[in-house]
Amino acid sequence: MNNMSLKKEFILNSEESHSFLISFKDLCKSYFTNKIKINILENAEINIKQGETLAIVGSSGIGKSTLLHILGTLDRPDKGSFLFNNMEVFKFCDKELAKFRNRSIGFVFQFHHLLNEFSSVENVMIPALISGLGKQSAKKKAEVILKRVGLGKRLDHKVNQLSGGEQQRVAIARALIIKPKLLLADEPTGNLDKTNSRQIHGLLKELNMEFDMAVVIVTHNMDLANYMSRVVTISDGKLLNYN
Ligand SMILES: Nc1ncnc2c1ncn2[C@@H]1O[C@H](COP(=O)(O)OP(=O)(O)OP(=O)(O)O)[C@@H](O)[C@H]1O
Ligand SMILES: [Mg+2]
């Protein structure tokens with residue numbers, strides 16, 4: 001079964017479908033450690049619109065990264081209904097899910113996870129090459145996006161020759177090269193000073209509009225969370241609007 005036919009099989013018909021980019025309910029996720037079960041998400045639900053910006057806040061260990069990993073399809077929930085663009089993506093096998101993820105979702109983490117021995121351009125090209133784009137086209141695209149995030153003069157710098165703020169901009173450019181429907185960031189400014197943090201959050205907000213993608217950010221910084229149009233937290237395994 002090829003990718004497209006598999007996807008079609010899991011697209012809901014028009015009576016069941018709606019306009020959210022992500023919609024889940026009754027979502028549960030728990031971990032077992034030494035046979036002790038810890039419930040992280042318990043019948044959680046949320047609807048995220050296409051192009052929306054959302055911050056997830058809350059104390060350490062409450063489940064923010066767990067939630068982000070599920071939103072990014074890096075981890076599967078134990079149960080619950082989960083739709084991404086009206087597709088029941090967790091019904092995909094692991095290989096199909098990885099293919100879907102590589103084409104639809106961009107990730108930015110606290111530690112940039114860039115390849116140090118490669119240049120900015122080479123790092124940003126990688127997802128495009130994986131998605132099947134030719135080398136020259138991938139390079140051109142990478143250069144355009146790096147210029148957009150303010151790194152036009154750092155194209156050929158190796159990652160370890162860049163500042164922390166610049167490294168995060170490369171990570172953002174790398175996430176954007178596939179033009180994702182959803183950009184997920186887990187404490188993207190956790191290692192940056194105040195000025196750089198503000199610039200990165202401002203940039204993410206601008207890119208959200210330019211690329212018409214939803215942006216979901218986990219952050220401990222309320223000042224920065226408020227750049228997003230909605231702020232939620234996790235309480236008793238459920239998602240709540242944060243006040
Ligand atoms: N693979 C795992 N196995 C067992 N327990 C886990 C696993 N991953 C996470 N946990 C536990 O689940 C809880 C939620 O973890 P998570 O990483 O989602 O927290 P968080 O809100 O992102 O915290 P922080 O702000 O410190 O990053 C924690 O108590 C953690 O110890
Ligand atoms: Mg975390």
Side-chain angles (χ1 to χ4, degrees), residues 21-48 52-82 84 89-90 92-94 97-98 101 105-114 164-165 167-169 171-172 174-175 180 182-194 196-198 200-201 203-205 208 214-243:
L21 177 67
I22 288 178
S23 176
F24 67 70
K25 63 179 179 193
D26 304 325
L27 200 85
C28 298
K29 180 73 185 176
S30 52
Y31 293 114
F32 279 93
T33 306
N34 296 330
K35 295 187 184 161
I36 297 170
K37 189 180 179 193
I38 314 169
N39 296 320
I40 308 295
L41 298 172
E42 285 187 270
N43 300 312
E45 62 177 54
I46 199 166
N47 294 318
I48 301 174
E52 186 172 3
T53 57
L54 183 80
I56 304 168
V57 299
S59 54
S60 181
I62 207 152
K64 303 180 298 296
S65 296
T66 301
L67 172 62
L68 207 76
H69 290 165
I70 292 175
L71 289 174
T73 73
L74 289 165
D75 205 0
R76 293 175 185 268
D78 300 336
K79 60 178 183 145
S81 117
F82 184 102
F84 191 115
V89 290
F90 287 118
F92 293 0
C93 68
D94 287 351
L97 194 59
R101 185 187 312 123
I105 306 172
F107 296 91
V108 180
F109 297 99
Q110 179 175 359
F111 303 99
H112 53 72
H113 295 315
L114 298 167
Q167 288 169 343
Q168 271 318 43
R169 284 168 190 270
I172 291 169
R174 181 186 53 181
L182 173 66
L183 181 74
L184 298 174
D186 198 346
E187 299 190 40
T189 56
N191 286 326
L192 301 181
D193 62 27
K194 212 169 169 181
N196 267 297
S197 298
R198 286 209 167 136
I200 292 285
H201 277 247
L203 177 65
L204 289 171
K205 194 73 204 269
N208 146 258
V215 175
V216 179
I217 298 187
V218 167
T219 180
H220 280 110
N221 186 328
M222 278 315 296
D223 184 26
L224 299 178
N226 286 325
Y227 274 73
M228 304 293 117
S229 51
R230 192 154 53 122
V231 181
V232 300
T233 190
I234 302 169
S235 174
D236 294 330
K238 297 193 174 42
L239 302 183
L240 299 178
N241 286 323
Y242 187 91
N243 293 311

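Both counts, for ligands and for their atoms, begin at 1 and track the order of listing. Side chains are part of it too, since the values below use all heavy atoms of this structure and drop only hydrogens, waters and symmetry mates.
When hydrogens are left out, the protein atom nearest atom 27 (O) of ligand 1 is Glu187 OE2, 3.8 Å; that is the closest non-hydrogen contact. For atom 9 (C) of ligand 1, the nearest non-hydrogen atom of the protein is Tyr31 CE1, 3.4 Å. The protein atom (non-hydrogen) at minimum distance from atom 25 (O) of ligand 1 is Lys64 NZ, 2.7 Å. Remark: minimum distance from atom 23 (O) of ligand 1 to any protein heavy atom is reached at Gly61 N, 2.8 Å. Scanning all protein heavy atoms for the shortest distance to atom 18 (O) of ligand 1 gives Thr66 OG1, 2.6 Å. Scanning the protein for heavy atoms near atom 26 (O) of ligand 1, the closest one is Ser60 OG, 2.5 Å.
Distance remark: protein heavy atom present below 4.0 angstrom from atom 7 (C) of ligand 1. Under the 4.0 Å distance rule, the nearest protein heavy atom to atom 16 (P) of ligand 1 falls inside the cut-off.
Distances below 4.0 Å separate heavy atoms of His220 from the following atoms of ligand 1: 25 (O).
Between Gly165 and Leu192, the closest heavy-atom pair is N-CD2, 3.5 Å.
An N or O contact shorter than 3.5 Å is missing between Ile38 and ligand 1 by distance.
Closest heavy-atom approach to atom 13 (C) of ligand 1 within the set Leu67, Asp75, Val218, Ile40: this belongs to Ile40.
Asn208 places no side-chain N or O within 3.5 Å of a backbone atom of Leu204 that could act as its donor or acceptor partner. A donor-acceptor pair under 3.5 Å is absent between the side-chain atoms of Lys238 and the main chain of Glu45, judged by distance alone. Between the Lys37 side chain and the Ser30 main chain, no donor and acceptor come within less than 3.5 Å of each other. Although no hydrogens or angles enter the test, the distance criterion places no donor-acceptor pair under 3.5 Å between the side chain of Lys79 and the main chain of Asn43. Under the 3.5 Å distance criterion, the side-chain polar atoms of Thr53 are left unmatched by any main-chain donor or acceptor of Val215. The backbone N or O of Asp223 sits less than 3.5 Å from a side-chain atom of Asn221, completing a donor-acceptor pair.
Counting heavy atoms under 4.0 Å from ligand 1, residue Asp186 does not touch it at all. Of the heavy atoms in Thr33, only side-chain atoms (C-beta onward) come closer than 4.0 Å to ligand 1.
Surrounding CG of Asp236 are at most 12 heavy atoms belonging to other residues, nucleotides or ligands under 6.0 Å away.
Taking the charged nitrogens against the carboxylate oxygens, Asp75 and Lys29 do have a contact shorter than 4.0 Å, which makes a salt bridge.
In this structure, Phe109 and Phe107 have parallel ring planes: the angle between them is below the 30° cut-off, well short of the 60° mark.
For the Mg ion (ligand 2), the count of nearby protein N/O/S atoms, taking only those under 2.8 Å, is 1.
Remark: Ile62 CD1 to Ile234 CD1 distance equals 6.5 Å, nearest 0.5 Å.
In this structure, Ile46 and Leu67 have side chains that are not in contact, with every pair of non-hydrogen atoms separated by 4.5 Å or more.
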